[in-house]
Amino acid sequence: MNLLPEAHRNDPHRRYNPLRGDWVLVSPHRAKRPWQGAVEKTTGDGRPEYDPKCYLCPGNTRATGDVNPQYENTYVFRNDFSALLPDTDETIQSPSQTPLFRSASVRGECRVICFSPRHDLTLPQMEVADIRRVVDLWIAQTNELLAQYRWVQLFENKGSIMGCSNPHPHGQIWASTSLPNEPAAEDRTQKEFFTTYGKTMLSEYVQKEIEAEERVVALNDDWCVVVPFWAVWPFETLLLPRFDVPRIVALSEPQRDSLAAILKEFLGIYDRLFDTSFPYSMGWHGAPGRLGENTDTAHWTLHAHFYPPLLRSATVKKFMVGYEMMCEPQRDITPEQAAAKLKALK
Ligand code: H2U
Ligand code: ZN
């Protein structure tokens with residue numbers, strides 16, 4: 001155990017995010033200021049196992065008239081309101097010669113994945129064996145879509161506070177011919193690190209975090225969940241493999257099992273934090289590039305980000321406004337304090 005120097009607990013300072021290549025302002029001394037902000041209503045629990053009005057429940061009709069099958073485990077369908085389309089005009093070009101009006105074609109596909117036929121469950125409430133089916137679906141979908149597209153984004157919006165449209169446990173997949181901003185930044189930073197130090201950034205990072213212990217929230221033989229040193233959101237976490245793996249499709253059978261187990265464990269901790277079904281946006285990042293093409297993946301480490309909006313209760317959330325919009329992200333509670341609160345709920 002190798003605790004952070006004391007000044008990090010008391011004094012304003014900036015921390016560098018090596019994955020994005022930017023900074024976050026940490027202001028530990030502000031955590032005690034009074035709160036007079038809005039208090040939202042929590043969405044009540046007690047959902048039925050089946051909701052005849054839910055567009056994701058088995059057997060129900062969706063907005064466009066398609067009918068879901070009586071699926072028994074997971075179910076995937078093309079998003080009826082896809083943001084990306086497979087057959088877009090590929091000749092879109094910048095409308096004028098100035099560098100200030102730039103545009104580009106992009107093709108893609110959007111899918112919705114139901115984690116369970118049960119309307120009333122969330123991932124941490126599901127059995128490990130059923131979470132494992134979700135892991136398998138993530139992998140099968142990535143295999144299929146990464147054969148055609150440069151980037152495949154697996155993600156889940158959970159909770160209405162995160163814009164999730166329906167409490168039925170589900171996630172989404174958006175695949176595109178272009179590499180979006182966040183993974184493009186991670187591709188660049190990991191490559192720079194690999195070139196400079198001759199090892200992958202996140203394998204070095206996970207090792208240092210496990211040694212330090214302080215920010216580790218959950219750990220098993222294969223996986224580690226930390227509140228990253230550079231976390232922006234109050235209870236942000238990073239799920240990291242303890243072995244070298246560039247993409248989710250390369251996980252072995254036992255690594256898929258241990259992934260399902262750690263997801264259940266730490267998402268349960270999240271739910272206990274504010275005694276609520278904890279909202280977040282989560283997503284996987286792995287090496288971009290179409291499968292079968294000769295892409296360099298050596299600098300990449302697979303990982304998942306969890307970005308929960310809540311700050312200090314089921315209803316008080318952090319806003320990214322003012323200084324965050326104009327300058328850079330800022331947080332009051334330190335990542336170490338956040339990790340300590342989460343660890344206490346194991
Ligand atoms: P959320 O994960 O944010 O809840 O979004 C669910 C997606 O489900 C959303 O992108 C799609 C929406 O377009 N959807 C359908 O594909 N069919 C429907 O009948 C309703 C919603
Ligand atoms: Zn449902």
Side-chain angles (χ1 to χ4, degrees), residues 40-88 106-127 130-131 133-135 137-138 140-142 144-145 149 151-176 178 180 182 233 236 248 263 267 270-271 276-285 304-310 314 317 320:
E40 302 100 33
K41 284 201 189 74
T42 45
T43 39
D45 259 344
R47 299 201 302 270
E49 284 187 25
Y50 166 77
D51 177 352
K53 294 208 181 67
C54 168
Y55 61 80
L56 297 177
C57 276
N60 289 2
T61 305
R62 298 203 304 275
T64 44
D66 285 3
V67 178
N68 298 328
Q70 288 293 345
Y71 65 95
E72 286 177 2
N73 298 300
T74 57
Y75 173 54
V76 51
F77 61 92
R78 160 120 47 98
N79 194 312
D80 299 314
F81 308 96
S82 297
L84 291 151
L85 299 170
D87 44 12
T88 323
V106 57
R107 288 190 303 106
E109 277 179 58
C110 301
R111 297 179 181 175
V112 179
I113 50 174
C114 299
F115 297 159
S116 161
R118 287 267 303 267
H119 186 79
D120 58 327
L121 297 182
T122 62
L123 273 180
Q125 291 168 327
M126 288 164 55
E127 301 294 331
D130 293 328
I131 301 175
R133 294 179 200 272
V134 175
V135 172
L137 185 66
W138 280 334
Q141 289 291 306
T142 304
E144 185 189 321
L145 290 163
Y149 295 104
W151 185 251
V152 175
Q153 185 59 58
L154 305 167
F155 67 100
E156 177 191 4
N157 294 323
K158 179 163 172 260
S160 53
I161 202 172
M162 288 312 287
C164 177
S165 57
N166 183 332
H168 193 114
H170 71 284
Q172 296 194 46
I173 308 172
W174 293 22
S176 60
S178 59
E182 294 286 318
W233 294 94
E236 174 178 334
I248 197 166
L263 280 169
L267 293 176
Y270 262 173
D271 281 356
T276 193
S277 183
F278 204 65
Y280 56 73
S281 265
M282 70 78 64
W284 286 98
H285 286 157
H305 298 276
F306 288 79
Y307 298 136
L310 296 181
K317 70 180 177 203
M320 288 284 193

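Both counts, for ligands and for their atoms, begin at 1 and track the order of listing.
- Inclusion of Ala63 in the set of residues having an N or O under 3.5 Å from an N or O of ligand 1 is warranted.
- Nearest N/O/S atom of His119 with respect to the Zn ion (ligand 2) is recorded as ND1.
- For ligand 1, the atoms closer than 4.0 angstrom to any heavy atom of Gln172 are 1 (P), 2 (O), 3 (O), 5 (O), 6 (C), 7 (C), 10 (O).
- Contact annotation for Glu156 and ligand 1: no heavy atom of the residue comes within less than 4.0 Å of the ligand.
- Ligand-side atoms of ligand 1 in range of Cys164: 3 (O), 4 (O), range being under 4.0 angstrom from any heavy atom.
- With distances taken over non-hydrogen atoms, the option nearest atom 13 (O) of ligand 1 out of Asn166, Asn60, Ile113, Asn79 is Asn79.
- Between the side chain of His168 and the backbone N or O of Phe115, no donor-acceptor pair lies under 3.5 Å.
- Note: Trp151 and His285 have tilted aromatic rings, judged against thresholds of 30 and 60 degrees for the angle between ring planes.
- Between the CG atom in Leu263 and the CE atom in Met282 there is a gap of 6.5 Å [rounded to 0.5 Å].
- By the neighbour-count criterion of 12 heavy atoms within 6.0 Å, atom CH2 of Trp284 is densely surrounded, having more than that number from other residues, nucleotides or ligands.
- At a heavy-atom distance under 4.0 Å, atoms from both the backbone and the side chain of Asp80 approach ligand 1.
- Side-chain rings of Phe77 and Tyr75 approach one another, their centers coming within less than 6.0 Å.
- Annotation: Arg78, atom CZ; neighbour count of heavy atoms from other residues, nucleotides and ligands within 6.0 Å does not exceed 12.
- Angle ND1 (His168) to the Zn ion (ligand 2) to SG (Cys57): 110°, rounded to 10°.
- Short contacts between ligand 1 and Gly163, defined as distances under 4.0 Å to a heavy atom of the residue, involve ligand atoms 3 (O).
- Between Lys53 and Asp51 no salt bridge is recorded (no basic side-chain N to carboxylate O distance below 4.0 Å).
- Regarding atom 6 (C) of ligand 1, its nearest protein heavy-atom neighbour is Ser165 OG, 3.5 Å.
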